[in-house]
Amino acid sequence: KQWYQRRVAITAGGPGASYWYAAMNFLVHAIMYTYFCLRAVKIQIPLILAKCITSLQSVQMLVGFTVNFYSIYRKLKGEECGNTYAHSIVAIALYFSYFVLFLRFAQQRYSKPKTQ
């Protein structure tokens, strides 16, 4: 998952959305890597915090998805928008794929195994 996300993160941000995406991405990653650092030095972190970080990552993907849909909506109305149709469509696909990856991770990591 990491290699996929890193390769396309800049592409998904796009020219019209680069500032909001950069700020949101920085915030989420600052929290995430602080968590990883604390875990690496064997500091116990409550599971609820890990779940919150995964939720925050998922929300980030939903926001990116929504902003790019809104970009298409604005362009269809003839309003100014910094994104092209092609960029918005690619970004929607990327954000959706990230969202699915985060949901799968959350399901695998946080769901209790079914007892038989």
S.K.: State, to 0.1 Å, how close I72 and S88 come at their nearest heavy-atom pair, and which atoms those are.
M.R.: CG1-CB, 3.6 Å
S.K.: With V63, which residues qualify under side chain to side chain contact (heavy atoms under 4.5 Å, CB included), at least two apart?
M.R.: W20, M24, V59, V67
S.K.: Could you work out, with side chain to side chain contact (heavy atoms under 4.5 Å, CB included) as the rule, every residue matching L38, not counting sequence neighbours?
M.R.: T34, I43, I45
S.K.: Rounded at 0.5 Å granularity, tell me how far CD in Q57 sits from CG in L103.
M.R.: 11.5 Å
S.K.: Y35: what forms a side-chain hydrogen bond (donor to acceptor under 3.5 Å, both in side chains) with it, not counting sequence neighbours?
M.R.: none
S.K.: Excluding sequence neighbours, so at least two apart, what forms side-chain hydrogen bond (donor to acceptor under 3.5 Å, both in side chains) with T54?
M.R.: Y110
S.K.: Do V100 and M61 have side-chain heavy atoms sitting under 4.5 Å apart?
M.R.: no
S.K.: Quick one: does any side-chain atom of S97 pair with a main-chain N or O of L94 as donor and acceptor, under 3.5 Å?
M.R.: yes
S.K.: Looking at K75 and N83, what are the two nearest heavy atoms and their distance?
M.R.: CD-O, 3.1 Å
S.K.: If the condition is side-chain hydrogen bond (donor to acceptor under 3.5 Å, both in side chains), which residues does E79 pass it with, not counting sequence neighbours?
M.R.: R74, K77
S.K.: With side chain to side chain donor-acceptor pair (under 3.5 Å) as the rule and sequence neighbours excluded, what pairs involving residues 39-48 come up?
M.R.: none
S.K.: Among the clusters formed by ILVMFWY side chains lying less than 4.5 Å apart, do I89 and L76 turn up in the same one?
M.R.: yes
S.K.: Restricting to pairs with a member in residues 24-33, which pass salt bridge (charged side-chain N to carboxylate O under 4.0 Å, His left out), not counting sequence neighbours?
M.R.: none
S.K.: Would you give the length of the straight line joining atom CD1 of I92 to atom OG1 of T66, rounded to the nearest 0.5 angstrom?
M.R.: 9.0 Å
S.K.: If the condition is ring pair (Phe, Tyr, Trp, His ring centres under 6.0 Å), which residues does F69 pass it with, not counting sequence neighbours?
M.R.: F65
S.K.: Can you list every salt bridge (charged side-chain N to carboxylate O under 4.0 Å, His left out) pair that touches residues 96-113, not counting sequence neighbours?
M.R.: none
S.K.: Is the distance from the ring center of F105 to that of F102 below 6.0 Å?
M.R.: no
S.K.: Give me the atom names and distance for the closest heavy-atom approach of Q60 to N25.
M.R.: NE2-OD1, 2.9 Å
S.K.: With sequence neighbours left out, write down each residue that passes side chain to side chain contact (heavy atoms under 4.5 Å, CB included) with L62, or none if nothing qualifies.
M.R.: F99
S.K.: When clusters are formed from ILVMFWY side-chain contacts under 4.5 Å, directly or step by step, what else is grouped with Y73?
M.R.: Y70
